[in-house]
Number of protein chains: 2
Amino acid sequence: MSSEPGATPTPLLHRGLSHRVPDLGALELLLAVARHGSLGAAAREVGITQPAASSRIRSMERQLGVALLDRSPRGSRLTDAGALVTDWARRIVEAAEAFDAGAQALRGRRDSRLRVAASMTIAEYLLPGWLIALHAERPDTAVSLQAGNSAAVAERLFSGEADVGFVEGLAVPDGLDGVVVAHDRLALVAAPSHPWARRRSPLDPAELAATPLVLRERGSGTRQVLDAALSAHGGLAQPLLELASTTAVKAAAVSGAGPAVLSELAITEELASRRLVAIPVKGVLLRRDLRAVWPAGHRPSGPARDLLSLTRG
Amino acid sequence: MSSEPGATPTPLLHRGLSHRVPDLGALELLLAVARHGSLGAAAREVGITQPAASSRIRSMERQLGVALLDRSPRGSRLTDAGALVTDWARRIVEAAEAFDAGAQALRGRRDSRLRVAASMTIAEYLLPGWLIALHAERPDTAVSLQAGNSAAVAERLFSGEADVGFVEGLAVPDGLDGVVVAHDRLALVAAPSHPWARRRSPLDPAELAATPLVLRERGSGTRQVLDAALSAHGGLAQPLLELASTTAVKAAAVSGAGPAVLSELAITEELASRRLVAIPVKGVLLRRDLRAVWPAGHRPSGPARDLLSLTRG
DNA sequence: TGAGGCCATAAGCTGACCTTATGAGCAGCG
DNA sequence: CGCTGCTCATAAGGTCAGCTTATGGCCTCA
């Protein structure tokens, strides 16, 4: 059993998150206890027996090294630490709900009642939330999702493979009608250690254009918007790095490779924790519209309409 | 083994999230595969054998009903669906990292190198992110966290039980110095079905003051700010509901009980998915400062300084 | 053509988590 | 006072997911 004596500088702390964070089932159980004020009632809600719930919460307390519940013969209430842990747990569970909503749509069969085609950014950041909301209002709507670029979305709409599409970009593709459902601003960001992070005055667009950046590859939606916005200021400099995914660009920027331009949607987490810092730029509108689209003249009805009414009220 | 033919209209869909979402270990493994482009390399990173990784990813694909990887004798790459799933998975893992950072601080012993006392809102929403960032820069800083209201934070600082504190509120408690590290705006929100959600013009403060709201109990930070802001407009009406936690208020608002006033920090998720809608209010500044604080004259040094430099650059 | 990367399969072990059965503490009530 | 009904805890036993090791096939490159 790995009884090698020396070694392991950081003692056992590096066996991965999953050994330090309770699994989803335990977190759901904890939320249920918080709601009901009782282990037994929570157990019933999640479909296990009371002893199972008792033991599971107890091993979670052992794992975390923190007492979560005040148990009494009249029920169980969260301790102060327990309340905090429960709130953090709720965020994991919410992320898991979004994952689940997305995964179900991805698996969705062709006979789904609502077939959605969406661009990557929208599928990644916005759609799971919409699907959760849709499920809350119309629980029996089976949704299927296909992700692709604007051209692929348009094609699926024309061929009848999709009921409604979502695209990001400057204009509505030919032959489609659409409404704007959200906006996405592009932000210039850098690691906090970058000199620009300390600037007090907004950056000049020409200076931005002249500086090599970490970017998505040519042809991506983000890159197009940026190209267009900076064409009046001398055009984009040769990129510092060209990467294939938003995630890769983000990782490069966080690790200090250089400044990057990314969708606000992609970086809220990083900004909140100051892994990245936004750098204001003077007078350049790095904004793009996110639109719901459908074949011209065929305004969506039924489930597609339900979905749209969620996205834009 | 459940070989019943017909039946089950919603087949087994209600056994809880944890049966439909892969566990954290599997998600971490997937992220590692995405990074390395190889099951074997990913397995090494997370400390398991290659066959274990292979089988785990495969059962994840079975569970989700979606192919995640294109396997080849030269490695494995994400499919399109796999890329989406991986992005959604990353959000779960990030939430888990925040949970872990918070939980470690909560468990932290008194001999930790950095002892933090923070108000609930800050401990809940901001601190985990800061701790992740701190850990990235100073991996061996052991942090302990105690949560409480402003008075408790001040007390811990005076008694030397804490090295630095974080409070929300209108003013710095007596005897403490501080700097503003972030702002928190209070927002008026309601379920999308509420009439106010359809308003085009901003609400009049007097009308807001006159309407019964879902609120935290008297004495909470949020409530104080709201009271102060509306005292000039006739004072707050009798609350519709008075609840003990931010979460409970949020849940009530989402379920349509009535309009509520909540911290922006608490509702980003709900706004993004339109489970809640923000309602503009005319000319009332519902803003409060979030401050780092320390005993007057004893500017923080060492680890506390490191933490502060993360929160405000 | 052999070395070294990739992935898949098979057989066997372990441990986490479930169940059922039971007991003990506290409240309300006739 | 003792019954009923709620709470939580403990004990004993079964099941299954996920791990390991051992192996084999495919592809590339020197």
Side-chain angles (χ1 to χ4, degrees), chain A residues 1-4 12 14-30 32-64 67-79 82, chain B residues 1-3 12 14-65 67-79 82 89:
Chain A
M1 319 243 259
S2 86
S3 43
E4 310 255 349
L12 291 188
H14 278 286
R15 284 162 60 212
L17 270 186
S18 52
H19 292 92
R20 298 192 306 270
V21 177
D23 67 48
L24 273 175
L27 300 179
E28 285 189 280
L29 177 60
L30 178 63
V33 173
R35 269 195 302 279
H36 289 89
S38 145
L39 280 168
R44 255 170 274 129
E45 179 185 311
V46 307
I48 61 178
T49 60
Q50 172 268 318
S54 176
S55 125
R56 206 148 186 209
I57 295 280
R58 196 166 285 285
S59 54
M60 182 161 33
E61 289 178 315
R62 257 203 320 276
Q63 178 183 21
L64 298 177
L68 301 173
L69 298 182
D70 275 332
R71 297 157 174 82
S72 89
R74 287 192 315 292
S76 299
R77 302 181 56 78
L78 293 173
T79 60
Chain B
M1 316 238 258
S2 87
S3 43
L12 294 186
H14 277 284
R15 286 162 60 210
L17 267 187
S18 52
H19 292 92
R20 298 194 305 271
V21 177
D23 66 47
L24 273 174
L27 299 179
E28 284 189 281
L29 175 61
L30 177 63
L31 296 186
V33 173
R35 269 196 302 279
H36 288 96
S38 144
L39 280 169
R44 254 169 277 132
E45 180 186 310
V46 307
I48 61 177
T49 60
Q50 171 268 319
S54 176
S55 123
R56 204 148 188 209
I57 295 279
R58 197 166 284 285
S59 54
M60 181 160 35
E61 289 178 314
R62 256 203 322 273
Q63 179 183 20
L64 299 177
L68 301 174
L69 297 181
D70 275 333
R71 297 156 173 83
S72 88
R74 286 192 315 291
S76 299
R77 301 181 57 77
L78 293 173
T79 60

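We name chains A, B, ... by the order of the sequence lines, and we start the count at 1 in each one.
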Enquirer: Compare all side-chain heavy atoms of L24(B) with those of R20(A) and state whether any distance is below 4.5 angstrom.
Expert: no
Enquirer: What's the shortest heavy-atom distance between R56(B) and L29(B), and which atoms?
Expert: CB-CD2, 3.9 Å
Enquirer: So which of residues 27-42 of chain B are in contact with DNA chain C, with a heavy-atom cut-off of under 4.0 Å?
Expert: S38(B), L39(B), G40(B)
Enquirer: Tabulated below should be each protein N or O lying under 3.5 Å from an N or O of nucleotides 17-21 of chain C; please produce it.
Expert:
unit_1	atom_1	unit_2	atom_2	d
dC17(C)	OP1	D23(A)	OD2	3.4
dC18(C)	OP1	R56(A)	NH1	3.2
dT19(C)	OP2	T49(A)	N	3.0
dT19(C)	OP2	T49(A)	OG1	2.8

Enquirer: A53(B) and A43(B): which non-hydrogen atoms are nearest, and at how many Å?
Expert: CB-CB, 3.6 Å
Enquirer: What integer distance in Å separates M60(B):CE from dA17(D):P?
Expert: 16 Å
Enquirer: If you restrict it to nitrogen or oxygen atoms, what contacts under 3.5 Å exist between nucleotides 25-30 of chain D and the protein, and what is each distance?
Expert:
none

Enquirer: Which atoms form the tightest heavy-atom contact between L64(A) and P22(A), and what is the distance?
Expert: CD2-CD, 4.1 Å
Enquirer: May I ask you to say what R77(A) touches in the nucleic acid, namely base, sugar-phosphate or nothing, with a heavy-atom cut-off under 4.0 Å?
Expert: nothing
Enquirer: Taking the side chain as C-beta and beyond, is there a heavy-atom pair between R58(B) and R71(B) under 4.5 Å?
Expert: yes
Enquirer: Round to the nearest Å and state the distance from R44(A) atom CZ to dC8(D) atom C1'.
Expert: 13 Å
Enquirer: Write down the distance between CD (E61(A)) and P (dC8(D)), rounded to a whole number of angstrom.
Expert: 12 Å
Enquirer: Considering non-hydrogen atoms only, spot the tightest contact between A41(B) and S38(B) and give its length.
Expert: N-OG, 3.1 Å
Enquirer: In terms of side-chain geometry, is the basic nitrogen of R35(A) or E28(A) positioned less than 4.0 Å from the acidic oxygen of its partner?
Expert: no
Enquirer: Mind listing the closest non-hydrogen atom pair of M60(A) and L30(A) along with its distance?
Expert: CE-CB, 4.0 Å
Enquirer: Taking 4.0 Å as the cut-off, does a side-chain nitrogen or oxygen of S72(A) come that near to OP1 or OP2 on dT7(D)?
Expert: no
Enquirer: Let me know the distance between CD1 of I57(A) and P of dT10(D), rounded to the nearest Å.
Expert: 15 Å
Enquirer: Return the minimal non-hydrogen interatomic distance between L39(B) and S54(B), and the atom names on each side.
Expert: CD1-CA, 4.2 Å
Enquirer: Under a 4.5 Å cut-off applied to non-hydrogen side-chain atoms, are L69(B) and R77(B) in contact?
Expert: no
Enquirer: Heavy atoms under 4.0 Å, any strand shown: does R62(A) hit a base, just sugar-phosphate, or nothing?
Expert: nothing
Enquirer: Check whether any side-chain nitrogen or oxygen of R71(A) sits under 4.0 Å from OP1 or OP2 of dT7(D), and answer yes or no.
Expert: no
Enquirer: Would you compute the distance between atom OG of S76(A) and atom CG of D70(A) and round it to the nearest 0.5 angstrom?
Expert: 8.5 Å
